[in-house]
Amino acid sequence: MMSDEGKLFVGGLSFDTNEESLEEAFSKYGTIAKALRSALLSGSCDAAKDPAGLGFALTL
């Protein structure tokens, strides 16, 4: 079983947020191993242009 230690859930992200901007925003609090923007889609008809506003920052 994987630990949730070091995982930070981030909700309500702008649709313009990407992994680089997410990592930049949280790197001022410590070393970020990986920043992930959710690949989940909100279910709209034009889903490719409407990603869910979710992400994770993984710390070391």
Side-chain angles (χ1 to χ4, degrees):
M1 176 187 259
M2 292 184 63
S3 170
D4 286 337
E5 185 175 335
K7 294 180 185 176
L8 174 66
F9 169 77
V10 184
L13 296 174
S14 163
F15 295 129
D16 296 326
T17 303
N18 58 31
E19 280 97 6
E20 292 81 21
S21 61
L22 189 59
E23 183 173 350
E24 183 179 331
F26 285 94
S27 66
K28 61 184 170 187
Y29 300 109
T31 303
I32 303 298
K34 182 80 173 163
L36 304 169
R37 180 71 160 88
S38 176
L40 297 174
L41 300 175
S42 66
S44 72
C45 294
D46 195 5
K49 294 183 180 178
D50 193 15
L54 309 173
F56 290 90
L58 309 174
T59 62
L60 293 178

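The first residue in the sequence is number 1, and the count goes up from there.
For S14, the side-chain contact (heavy atoms from CB on, under 4.5 Å) criterion is met by D16, T17, not counting sequence neighbours. Every residue meeting the side-chain contact (heavy atoms from CB on, under 4.5 Å) condition with Y29, not counting sequence neighbours, appears here in chain and number order: F26. Partners of S21 according to the side-chain hydrogen bond (donor to acceptor under 3.5 Å, both in side chains) rule, which considers only residues two or more places apart in sequence or in another chain, are N18.
Dense packing is recorded around CD of E19, with more than 12 heavy atoms of other residues, nucleotides or ligands lying under 6.0 Å away.
The CG atom of L36 sits 11.5 Å away from the CG atom of L8 when rounded to the nearest 0.5 Å. Atom-to-atom distance recorded for R37:CZ and L22:CG is 8.0 Å, nearest 0.5 angstrom.
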